[in-house]
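As the structure is a computational prediction, the values presented were derived from the model and not from experiment. In what follows, every chain begins at residue 1, and chains take the letters A, B, ... in the order their sequences are listed.
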Number of protein chains: 2
Amino acid sequence: MAATGGAGRPEKRRAITRAAAVVFGREGYLRAGMDAIAAEAGVSKRTVYNHFADKETLFLSVALQSSAELRERTRDLMAACLDPAVDLRQGLVDFAVERARAVLSAGEPGTPGTPGEPGGQGGLAAHGGHGALGRAIRAEVANIPADVLEAWVEAGPTATLRDLAAHFEALAARGLLVVEDAGLAAEQYTLLTFHGIAERSFWGAVPVPDEEVGRIAEAGVDAFLRIHGAPAVRS
Amino acid sequence: MAATGGAGRPEKRRAITRAAAVVFGREGYLRAGMDAIAAEAGVSKRTVYNHFADKETLFLSVALQSSAELRERTRDLMAACLDPAVDLRQGLVDFAVERARAVLSAGEPGTPGTPGEPGGQGGLAAHGGHGALGRAIRAEVANIPADVLEAWVEAGPTATLRDLAAHFEALAARGLLVVEDAGLAAEQYTLLTFHGIAERSFWGAVPVPDEEVGRIAEAGVDAFLRIHGAPAVRS
DNA sequence: GTCTATACAGGGATAGAC
DNA sequence: GTCTATCCCTGTATAGAC
């Protein structure tokens with residue numbers, strides 16, 4: 001009887017959350033219908049209500065899950081681009097570009113992308129990208145309970161800033177960066193290399209050409225290194 | 001008979017657009033009802049449909065008007081803070097703080113603010129702020145015709161970037177800034193001093209303490225001056 | 001016993017009619 | 001200015017199927 005409990009087959013529950021991410025991302029919270037979510041999941045509407053008390057509960061559950069998933073995916077990209085650091089500037093540019101692609105790409109079906117890429121499979125954003133769901137959340141921010149919104153921010157953006165700050169501290173210890181406040185440096189890097197693209201594309205709603213993504217990422221990294229680059233690297 | 005023509009008393013039309021800005025900003029596009037807009041304007045619902053063909057037309061009309069108004073208001077703030085420029089750093093900080101207040105403040109009724117302040121009266125954002133309407137537009141971005149969205153961006157954010165770039169070029173000519181690409185510098189200033197606050201507050205939906213706005217503005221200006229400050233100013 | 005399919009009650013919205 | 005036609009959506013109830 002527990003509405004949000006573990007009733008029913010877990011595979012059905014996963015199909016519902018995945019379908020909800022697709023439909024909420026595509027239509028937004030208010031326009032999305034529970035009928036459409038049930039159809040996308042290949043499940044009866046009654047089954048949806050068997051696993052989730054109502055539309056809002058389903059949306060908030062999917063939002064929190066997506067936030068944590070995107071943080072993990074971003075942390076993997078960070079490690080792949082910043083840990084080797086044979087070329088710091090190139091690593092910072094690569095991470096900016098890959099992050100923009102991961103968050104903002106619409107996941108167009110015409111381009112299969114890299115099918116064998118690990119870490120990107122089975123997540124909530126198999127079709128539509130995390131950006132679409134993030135847009136739906138931002139659109140409903142005024143109607144989301146404060147504690148849930150705080151949990152979403154903490155599990156996603158804030159945790160990612162912490163991950164990035166840890167990397168910057170490690171780079172500073174190796175003499176490649178000069179940072180007093182690693183958290184501030186992480187925020188400035190994110191603003192200079194990512195938020196310009198996010199804002200221009202309205203968090204993935206409007207496509208931005210790859211060429212321009214690369215241009216903005218390079219300009220952002222150059223500005224960041226003027227603030228925090230070690231003298232040897234800055235030149 | 002022209003739906004969007006100048007039928008009816010212009011005062012009624014202004015009352016409708018102002019009411020629409022209030023209600024759309026408060027409730028968002030989908031949740032806002034034409035009944036509530038008519039009631040807020042103090043006119044009959046029939047009068048609303050007499051001036052605007054339908055809900056979408058009204059929304060897009062108000063969006064474009066608000067975009068142009070916010071651009072003018074921001075340009076005034078820019079001139080007031082950056083033209084004297086007895087202290088460049090202080091001027092850049094003041095503009096960042098005033099801009100954040102103008103865009104993101106919820107216009108709480110308990111604080112009458114500065115009643116005699118010129119330029120802020122009679123606009124669409126008398127109650128609720130331009131940020132609230134901007135949030136409603138961003139929430140509906142996927143459902144707005146591409147040409148209208150482009151016009152909104154051009155009349156608001158892009159025009160403001162151009163205004164700021166012109167100021168930076170003047171400051172560079174006076175030897176206070178070092179900029180190769182004034183447009184890029186304007187974008188970096190906006191990112192470093194404004195977008196962090198906008199994102200943290202979700203474009204005005206969640207309040208940010210004045211103290212923190214000031215802190216972020218100062219840190220952003222310091223970073224900006226490390227990139228573009230003239231050597232005499234940078235120290 | 002859980003899932004599917006469908007039908008239905010209740011509320012609210014837009015847009016038009018009187 | 002009020003009143004109403006029409007549609008859509010959430011959430012529930014009623015059937016039967018693996």
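Between B:Lys55 and B:Arg46, it is B:Lys55 whose nearest contact on DNA chain C lies nearer the 5' terminus. Heavy-atom distances to DNA chain D give each of A:Tyr29 and B:Lys45 a nearest nucleotide, and the one nearer the 5′ end belongs to B:Lys45.
Distance from the side chain of A:Arg9 is smallest to C:dC3 among C:dA15, C:dC3, D:dT10. When distances are taken from the side chain of A:Met34 to each of C:dC3, C:dT14, D:dG11, the shortest belongs to D:dG11.
Within the nucleic acid shown, A:Asp54 comes within 4.0 Å of sugar-phosphate atoms alone, with no base atom in reach, counting heavy atoms only. Among the atoms of the strands shown, only primed sugar atoms or phosphate atoms (P, OP1, OP2) are found under 4.0 Å from some heavy atom of B:Ala32.
Rounded to an integer number of Å, the gap from B:Arg31 CZ to D:dT10 P is 12 Å. For the pair A:Lys12 NZ and D:dC18 C1', the interatomic distance rounds to 11 Å; values are reported in whole Å. For the pair B:Asp35 CG and C:dT14 C1', the computed distance is 9 Å after rounding to whole Å. Per the geometry, CD1 belonging to B:Ile37 stands 12 Å off C1' belonging to C:dA13, to the nearest Å. As rounded to whole Å, 16 Å separates atom C1' of C:dA5 from atom OH of A:Tyr49. Note: CZ (A:Phe24) to P (D:dC9) measures 13 Å, nearest angstrom. Regarding A:Leu58, its CG atom lies at a distance of 10 Å from the P atom of D:dG11, rounded to whole Å. We find that CG of B:Leu30 is positioned 17 Å from P of C:dG12, with the value rounded to whole Å.
With ring centers used as reference points, B:Trp203 lies 6.0 Å or more from A:Phe202. Checked against the 6.0 Å centroid threshold, A:Trp152 and A:Phe59 do not count as a close aromatic pair. For an aromatic pair to be called close, the ring centres must be under 6.0 Å apart, and B:Phe168 with B:Phe224 satisfies this.
Taking 4.0 angstrom as the limit, A:Asn50 places none of its side-chain polar atoms (N or O) nearer than this to OP1 or OP2 of C:dT2. Residue B:Ser44 has no polar side-chain atom (N or O) positioned under 4.0 Å from OP1 or OP2 of D:dT2.
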| task | Check the pair B:Val22 / B:Ile37 against side chain to side chain contact (heavy atoms under 4.5 Å, CB included), numbers first and verdict last. | result | CA-CA 8 Å; B:Val22 171; B:Ile37 292 171; over 6 Å; no
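Cation-pi geometry between A:Arg31 and A:Phe24 is not met at under 6.0 angstrom from the ring centre and within 45 degrees of the axis.
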